[in-house]
Every structure is written in C-alpha cells, then in structure tokens.
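Computation of the quantities below employed the complete heavy-atom set of this structure, encompassing side-chain atoms and omitting hydrogens, waters and symmetry-equivalent molecules. Atoms within each ligand, like the ligands themselves, are counted from 1 in listed order. Residue numbers run from 1 in the order of the sequence given.
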Amino acid sequence: MHVSPSSDATARDGRDCLGAALLARLETLAGFTDGGTALTRLYLSPAHRAAAGWLAGWMEQAGMTAHVDAAGNVVGRYEGATPGAPAVLLGSHIDSVRNAGKYDGTLGVVTAVAVVEELNRRGERLPFALEVIAFGDEEGVRFPVIFSGTRAVAGTFDPACLHAADADGVRLGEALAAFGGAPAALAADPATAARVARALAYLEVHIEQGPVLEQAGVPVGVVTAINGASRYTLGITGTAGHAGTVPMAGRRDALAAAADMVLAVERQALHTPGLVATVGRLDVLPGAVNVIAGGARLTLDVRSPDDRVRRDGAAAILDACAIIAQRRHVALSVDQTSETPAAPCTPALMDAFAAAAARAGVEPKRLPSGAGHDAMVFAGVLPMAMLFVRCRGGISHNPAESITAADAGLAAAVLLDTLRHLPVQALS
Ligand code: GLV
Ligand code: MN
Ligand code: MN
C-alpha cells in the first residue's frame with residue numbers, strides 16, 4: 001500500500017485504502033469490551049488485558065519489539081537507522097469511558113502502529129527510533145486518579161495514587177499487580193526514566209471530539225494547547241429517614257443538597273467566560289424509594305484554557321457548595337483527585353504537522369483542545385504536539401462517535417510525512 005502525503009489522485013486512493021484498514025483495526029479493538037451493548041474498557045480490566053495482548057501481537061507483526069510495561073501500557077519499539085538511537089514517542093490511550101465511541105484514544109494508537117507497519121514494509125529506518133505507547137488510564141474513570149500510565153512514563157507518577165480505590169473498593173496497586181504490572185516501579189523506574197530522558201518528542205493523533213474541524217470543512221487540525229482540568233469527589237452526609245414520617249422542615253436530605261450543588265456548578269460555569277464544569281456522576285445512599293438519602297457522592301470536573309480561570313472557578317464552586325451544605329445542615333467533604341495544568345504544544349512540532357498537512361493538500365486549522373489528552377502529561381517533559389482528526393457532528397464520549405476512512409488515512413499519511421521531515425535539530 002502506497003502512503004504518500006502528496007495531493008494527487010493515486011496518493012488519495014492509497015490513503016483511503018489505508019484509512020479503511022485503520023477502521024477495520026478499530027472495529028477489532030472495539031470488540032475488547034467489559035460488557036454492555038457499547039464499548040466500555042476500563043483501566044486494568046479484563047478487556048484492557050485482552051486489548052493489550054492483541055495490540056502487542058500486531059506491533060510485533062508490524063516490525064516492533066513489544067511489551068506491556070509496569071503500568072499496563074503497551075510499548076512497541078521500532079529501531080531507527082542506528083540501533084539504540086533516541087526515540088520519538090507516538091502515543092494515545094486504549095482505555096475508554098463507559099458506553100464509549102470506538103475512536104477516542106484508539107485512533108492515535110492504531111495510526112501510530114500503521115505508520116510503523118508502513119516503514120517496516122518499505123524497509124525504511126528513520127534517524128531516530130519510534131516508540132508507540134498505548135496508555136491505559138487517560139480517562140480516569142475506574143479510579144479517582146488519572147494518567148497513571150502516562151505519568152509513570154513521564155516520571156511524574158505520585159505513589160499515593162496506588163491507594164486510590166475503585167467503586168468496588170479495589171485499590172489501584174492491587175488491580176495493577178493482578179494485571180501483571182509492577183506497582184512499585186511506577187514512581188521510579190530507572191530504565192523508563194533513561195529512555196524518556198533521551199526521547200526527542202511526543203506526538204499524538206486524536207479524534208477532535210468537537211465540531212470545529214467539521215464546521216470549517218477541514219479533515220485535520222493542529223492543536224495549539226490543551227485545556228487544564230481539576231477533578232474532585234464531594235461527599236455529602238445528611239440523615240437517612242423514613243420517607244413517610246419525617247416532616248419536610250426537619251430533613252437533612254443529602255440528595256436534595258447534592259441537587260442544589262449540581263445547579264450551583266452549572267450556574268458558576270455559565271457565568272464565567274472560558275470555564276466549563278461538570279458533575280458526571282452522582283451516587284446516592286442508601287438509594288431506596290422510601291428512604292430519605294443519608295449520603296451522596298458526586299464527581300466534579302472543572303476545565304479552562306486559562307489556569308487562573310480554572311482555579312478561581314473551582315474555588316467559587318466549592319465555596320457555593322459549602323454555603324449550600326451549611327444552609328441544609330449536611331456535612332460536606334471535598335477531595336481533590338487530580339489537577340492537570342493547561343499545556344501549550346511545541347511550536348516547531350505544530351509547524352511540522354502543519355507543513356506535512358499542506359504537502360497533502362490540506363490547509364490545517366489550528367485549534368485548542370477542550371478535552372484532556374495523554375500529550376498534556378508530557379508538557380515540560382518533552383516537546384509535544386497533537387494532530388486532530390475531524391469528528392462527525394462533534395459527538396464523542398458516545399457510541400455514535402464517528403470518523404471517515406479518508407480522514408483516518410490522511411492523518412496516518414500526515415503523521416508519517418511529519419516524521420520523515422521532523423526538525424530533529426530544533427528538538428535536541
Ligand atoms: C478525556 O477524554 C477527558 O478529557 O476527560
Ligand atoms: Mn482521549
Ligand atoms: Mn475520552
């Protein structure tokens with residue numbers, strides 16, 4: 001299969017063909033699910049294990065050495081012209097949200113492997129090695145922590161995160177050990193640290209997850225920066241009681257307080273330019289039709305391209321929740337589960353992506369990312385950049401998520417061409 005950046009019809013046919021092959025790989029990957037009618041693949045779950053095994057097998061067929069590392073990341077290495085040369089890291093994630101689409105994260109992983117497969121088919125070696133990494137904890141859905149695998153590679157993993165427990169009380173460290181990982185190695189693995197210290201850059205292809213490229217009529221875009229995010233778990237304790245006998249005036253209803261807080265979150269974000277804030281999960285205890293809720297727990301996710309707006313917005317939301325708790329005579333606990341600052345992408349790499357897209361006949365749009373990505377963990381660690389791929393209707397975190405084969409094939413061709421023209425001098 002001939003994969004070319006040029007804009008002529010033969011090149012386009014080759015890219016469409018490659019895109020169709022990529023979509024077939026993505027269908028296969030979507031078959032590794034933890035159950036339900038749509039795709040759900042949580043960090044360190046049986047589906048994650050199965051997907052990792054399948055992926056490592058494909059990486060080996062594509063000419064790489066492959067292994068699953070201490071954090072459960074699948075790592076494939078394709079040597080450059082000189083064995084042992086520093087690597088360019090190509091990554092994204094294979095964990096998903098619940099009821100996910102098939103492309104969030106996985107698109108970047110299969111695109112990277114397909115690029116190596118093409119180089120290997122041609123017997124072509126670049127002046128640097130390529131390491132494809134399929135991270136396992138980009139969504140932060142199973143445990144109240146995020147980017148465990150990415151941070152282990154970047155050298156910024158906090159060992160306290162090993163104690164974070166999922167909804168069944170299973171701790172991250174226990175789940176990782178059962179998966180076959182090495183919890184003790186996440187915070188300080190000298191071999192990984194040495195590899196990353198020598199690496200040249202981190203590049204990631206990802207579905208846009210928004211409507212900007214589609215509305216602009218452009219198949220790929222170059223990300224300028226990734227919005228920062230703060231996440232919290234709020235616990236509310238009231239008094240459980242009989243739904244028929246306790247007078248309304250005397251109640252300490254944890255669910256009513258939670259509802260008030262959800263609306264306060266929405267109000268604050270609506271009235272703050274540049275701020276988005278979401279309560280995506282609400283658990284109620286004991287959760288029965290005839291019992292006043294004695295407890296409630298909710299998640300809070302606050303984001304902005306501007307770190308000050310995010311921090312001030314989160315502080316204002318938490319103040320409002322504290323006032324609601326006081327007024328409703330319930331106890332409130334606040335646990336911050338993650339904080340990831342906004343991450344600007346590296347200009348030289350943005351230009352390299354844009355130049356490769358232009359050689360393919362596309363004037364790429366430059367746009368910020370509202371979603372979080374593995375790439376943001378590498379900000380300040382390695383030069384990093386992202387290429388976005390057009391998303392149908394801007395729909396993501398939804399089984400209806402969709403891309404075209406032509407756009408996927410184009411993204412792979414642009415990534416390959418970017419690597420062939422990488423401004424290595426500007427990076428080292
Ligand atoms: C990942 O998709 C995130 O932005 O939460
Ligand atoms: Mn993603
Ligand atoms: Mn996602």
Starting at CG of Leu422, measure out to CG of Asp417 and round the result to the nearest 0.5 Å. 11.0 Å
With rounding to the nearest 0.5 Å, note down the distance linking CD in Gln268 to CG in Leu275. 7.0 Å
Ignoring hydrogens and angles, tell me if any N or O in the side chain of Thr299 forms a donor-acceptor pair with the backbone of Val279 under 3.5 Å. no
How about CZ on Arg125, more than 12 heavy atoms from neighbouring residues, nucleotides or ligands closer than 6.0 Å, or not? yes
Around atom CZ of Arg195, are there more than 12 heavy atoms from other residues, nucleotides or ligands closer than 6.0 Å? yes
Considering the options Val153, Asp95, Val377, Val109, which one meets the side chain to side chain contact (heavy atoms under 4.5 Å, CB included) requirement together with Phe135? Val153
Decide whether His206 and Asp104 meet the rule of one side-chain donor and one side-chain acceptor closer than 3.5 Å. yes
Identify, chain by chain and in numerical order, each protein residue with a heavy atom under 4.0 Å from an atom of ligand 1. Glu138, Glu139, Arg231, Arg303, Ala371, Gly372, His397
Could you go step by step and tell me if Glu339 and Arg311 meet the side chain to side chain contact (heavy atoms under 4.5 Å, CB included) rule? CA-CA 10 Å; Glu339 170 154 18; Arg311 290 201 189 99; 3.0 Å; yes
Using the test side chain to side chain contact (heavy atoms under 4.5 Å, CB included), find all partners of Asp16 that sit at least two apart in sequence or belong to another chain. Ala406
Applying side chain to side chain contact (heavy atoms under 4.5 Å, CB included), name anything that partners Asp312, two or more places apart in sequence or on another chain. Arg308
So that I can check it, does any N, O or S atom in His206 come closer than 2.8 Å to the Mn ion (ligand 2)? yes
Sorted by chain and number, protein N/O/S atoms nearer to the Mn ion (ligand 3) than 2.8 Å are Asp104 OD2, Glu139 OE1, Glu139 OE2, His397 NE2
